[in-house]
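Quick note on labels: first sequence line is chain A, next is B, and so on, each numbered from 1.
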Amino acid sequence: MSDNTPPNVQQQSSAVQTTGHAWDGDLQEYNNPLPRWWLWSFYATAVFSVLYWFIYPSWPVGDTWIKGFGTVSYAVTDKVTGKEEEREYRWNTRALLLEDLGAATNDPRRKDMLANVRAASYDQIVKDPKMMEFVRSVGKGLFGDNCAACHGRGGQGVVGMYPNLTDDDWLWGGGMDQVHQTLVQGRKGFMPAFGAVLKPDQLDDVAEYVLTLSGETQPSEASERGQAIFQGQVGGCYYCHGADAKGLQSQGAANLTDRIWAIADVPAQKSVQDKKAAIKNFVAKGVNNTRIMPAWKDRLSPTDIKLLAVYVHQLGGAQ
Amino acid sequence: MSEESNPLYQKRIQIYPRSVKGRFRNLKTGILALAYVVYYLLPWLRWERPNAPNQAILYDLPGRHFYIFDLVIQVQDIFWLAGVLIIFAILLFFVTGIAGRVWCGYFCFQTLWTDLFMMVEQWVQGERPARMRLDKGPWNREKLLKRGGTYALWLLISLWTGLTFVMYWVDAPTLVTEMLLGSAPYAAYFTTFFLATTTFVMAGLAREQVCTYMCPYARFQSAMFDHDTLIVSYDERRGEGTQGRSKLGKGLKTREERQARGVGDCIDCGYCVQVCPVGIDIRKGLQYQCISCALCVDACDTIMDNLKWPRGLVLYTSENALNGKKTRLLKPKTIGYGVILTAATTVLIWSVLTRAPYSGTVEQIRQPLYTQLSDGSIRNSYEIKLNNKLTAPMTVGIRIEGLTGATLNMDGMERLELEPQERIKLLARVQIPPVGRNDSPGDQVTFIIEPLAGVRAEPIRRQVPFYTPEGGR
Ligand code: SF4
Ligand code: SF4
């Protein structure tokens, strides 16, 4: 080529050939050669893909798969002892994520925070905005995994089945120490069935009285008869619920003078008759082996239980 | 058309651009020098900041803050980045509409680095003919030395380019020490070597192929051109006359002689072709490979000056001007782009200047929507997110209004110290006394988040719903 001929002009002159096909009469396609580097990059990707099959898990074969040579190892912390242990897995994104989580800059911060929470007293935790933020985010996960199945995601519970953890009425006490104990050892609710002890009209009277306790109805003759049963030997309700009907937390006996009903869904009933029926029905049947909170001491680490106690406390049920 | 004549691949044809002197070359060199000074030295500039890194420009990814002199940008301000990108896009439309590929010719990183690499090449191996000779010649000591020297220098520049890029993301002096000691993070090494490799390959080996085959902008900018767009062009009427161009031969020495014989002013010296970094012949008309660098203008101007003929055989002009029409720069399209560009820039600057020193959001916790307490009062819970954007501490107070009889309980965190750049989530409980069937306490509550100390700023007011059981209780 002469010194003056620009290289790309040459390229162009050889590029104006067409593929020889014609569509719609005159529509033709240029047959431009690819740049060599492009072509070689293409071949390289093909070779690379084959290598990739062997290095990483890939094709299914029967009921197994090509396992590949790639592995990922990451540290696992034992929940109870707090000891770290290396695990090695076949390369997969889940193992990779676990490895990344362990190596992330957040992880030491998280470990520090956990140690802080472990060392702090309940009072200290509640007063520290940073620790509370941590408790709420970690606690949310723990609660979701372990507690939400019964108590609901937000701790709102189900009337008649599982207690509401966001109100201020606590059968076994809502202080953090009491919640802690509830978590560790579990709870078992019990109330005898009075259907066999009391006659139906006596049950009516008791229900009438219980309704006056929380201000649902005005005192009447029936409620006075009910009070006598409640306070006397016949019913003996005051053993557990107390002479003032305010309940007894050591027994898990409900406060009957407030407006919260954990089992008989009184607020949901429209008429006084229905409210009475709901209470009567419940008193007749009592509670036996139906209100059970399992013990978590063998399933959760002490730190987790502590976190959960604070979390549940801050759900709104603080006392 | 036989199969043989259509090879599957095209070997790249090496281009040996000749050097040139002139006003556009000077402009290009000036921009190049400025760009390199900024790029290579900026990470080393320190900037005193209390409670924050002291590097003038730092994109702190783990800390999720971008520091640009006195501006501290947080992750949630990332929409500014969108604003900057939009502005750049419109700017590109605007400039391309007026002056064609000037971005490519003068500012593009590919062009800048290629240019630098070519300068090194020429410095070591000599001018175009010397380089061509060296390339064709056998592998001897001289070739080995010169080629090796070029590659070594390229490699050094590439490495420093990669390293400098990483310096924008970490503390620069620490990084350099760590890199040398071998204790820098893996990502730093990877990025450095990756960028060094791409710099070496793109600026040293691929060069104009990037602009012609890889760059997407090269593909769609023709859509932004019109008949008034400035392009580098060869004045064909003047250059070719009626009989075409011709070398300075006998009886073809002066313009008068040439014009008398219908020959144009182009003396077919090929200088404009030799200086072209993308290897095209501008005399063949506008080609998509041309990056508007105007080096061919400088080349031809040099020739014309030598001949004492008027300049401008190859020049910046427009298609309209070439056809003897007037070039209209102020077209509706250009004005439109200009207006949008001004508006977008104003909005961005306004947004940056008026940003709040802190932010606060309030969200109602919807599970449960409300809780009824033993005395019949009703409680809603809220999550408050606070964010101190300053590099200094501040005190924030939180109170509520707008809901009859409501009280706020935050376990004593209604007044809170925020560390510099601290963000925190808090729980707030709002409680109203029991309501009768006909009372309506309202179904909204307004949180007022105000800075009490550390900074003066408008309080943030957030109105959020407050839920009560239907019909009260
Ligand atoms: S033709 Fe001229 S303006 Fe276009 S790339 Fe080549 S030297 Fe630059
Ligand atoms: S430099 Fe000017 S005179 Fe020389 S070939 Fe190019 S256009 Fe013609």
Side-chain angles (χ1 to χ4, degrees), chain A residues 1-12 14-15 17-20 31-40 42 104-106 126-130 132-137 148 152-157 164-170 214-215 255 257-260 267 314-318, chain B residues 1 5-15 62 128-129 132 201 205-206 208-209 212-214 268-270 273-274 276 278-282 284 287 289 365-377 379 381 383 409 411-413 416-417 419 422 424-427 429 434 469 473:
Chain A
M1 65 174 170
S2 90
D3 207 30
N4 292 353
T5 322
N8 280 343
V9 174
Q10 284 194 331
Q11 291 183 11
Q12 280 176 342
S14 72
Q17 296 166 339
T18 67
T19 52
N31 191 10
N32 281 325
L34 294 164
R36 191 166 56 167
W37 60 263
W38 191 97
L39 210 66
W40 281 112
F42 176 68
T105 43
N106 274 343
V126 175
K127 289 209 181 81
D128 183 330
K130 270 281 151 195
M132 280 310 285
E133 184 184 26
F134 178 76
V135 166
R136 286 217 316 283
S137 72
R153 280 236 134 237
Q156 68 271 36
N164 183 342
L165 305 178
T166 66
D167 63 24
D168 60 345
D169 184 46
W170 290 81
S214 53
N255 180 349
T257 65
D258 64 20
R259 305 227 205 154
I260 291 175
Q314 63 83 51
L315 276 178
Chain B
M1 219 161 307
S5 67
N6 274 337
L8 269 178
Y9 62 80
Q10 170 81 52
K11 190 179 184 315
R12 177 183 175 234
I13 295 159
Q14 181 69 36
I15 296 167
R128 172 180 155 102
M132 293 175 89
V201 171
L205 307 176
E208 83 287 347
Q209 300 232 349
T212 338
Y213 295 111
M214 299 186 206
D268 208 9
C269 63
V273 179
Q274 292 175 18
C276 178
V278 297
I280 54 173
D281 183 348
I282 191 64
K284 294 222 156 109
Q287 291 147 73
Q289 294 100 327
I365 293 176
R366 302 182 64 85
Q367 248 177 346
L369 270 187
Y370 62 85
T371 299
Q372 195 140 29
L373 302 180
S374 51
D375 63 352
S377 28
R379 179 167 64 203
S381 299
E383 185 169 77
N409 174 9
D411 291 334
M413 294 171 203
L416 197 75
E417 292 275 332
E419 306 276 304
E422 180 177 5
I424 194 162
K425 280 188 215 152
L426 301 167
L427 183 76
R429 303 189 195 95
R473 158 116 205 238

Would you give the length of the straight line joining atom [atom1] of [X] to atom [atom2] of [Y], rounded to the nearest 0.5 angstrom?
X	Y	atom1	atom2	answer
A:Asn164	B:Thr371	CG	OG1	5.5 Å
B:Lys425	A:Phe134	NZ	CZ	12.5 Å
A:Asp168	B:Leu373	CG	CG	4.5 Å
A:Asp128	B:Asp411	CG	CG	12.5 Å

Under 4.5 Å from a heavy atom of chain B, the part of A:Arg153 involved: both
Chain B contact via A:Lys130 - which portion, at a heavy-atom distance below 4.5 Å: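 Both the backbone and the side chain of A:Lys130 come within 4.5 Å of chain B.
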B:Leu416 versus chain A, the contacting section by heavy-atom distance below 4.5 Å: side chain
Region of B:Glu417 in contact with chain A, defined by heavy-atom distances below 4.5 Å: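 Neither part.
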Trace of the side-chain contact (heavy atoms from CB on, under 4.5 Å) decision for B:Gln372 with A:Ile260: CA-CA 8 Å; B:Gln372 195 140 29; A:Ile260 291 175; 5.7 Å; no
Residue pair B:Ser374 / A:Asp169, side-chain donor-acceptor N/O under 3.5 Å: no
Shortest non-hydrogen contact from A:Pro35 toward B:Gln209: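 Heavy atoms of A:Pro35 and B:Gln209 come nearest at CB-OE1, 4.2 Å.
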Contact check, side chains of A:Gln314 and B:Leu427, non-hydrogen atoms, under 4.5 Å: yes
Winner by heavy-atom pair count (cut-off under 4.5 Å) against chain B, out of A:Arg136, A:Lys127, A:Met132: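 When all of A:Arg136, A:Lys127, A:Met132 are compared, A:Arg136 has the most.
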Partner of B:Pro368 under side chain to side chain contact (heavy atoms under 4.5 Å, CB included), chosen from A:Leu315, A:Leu165, A:Thr166: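 That would be A:Thr166.
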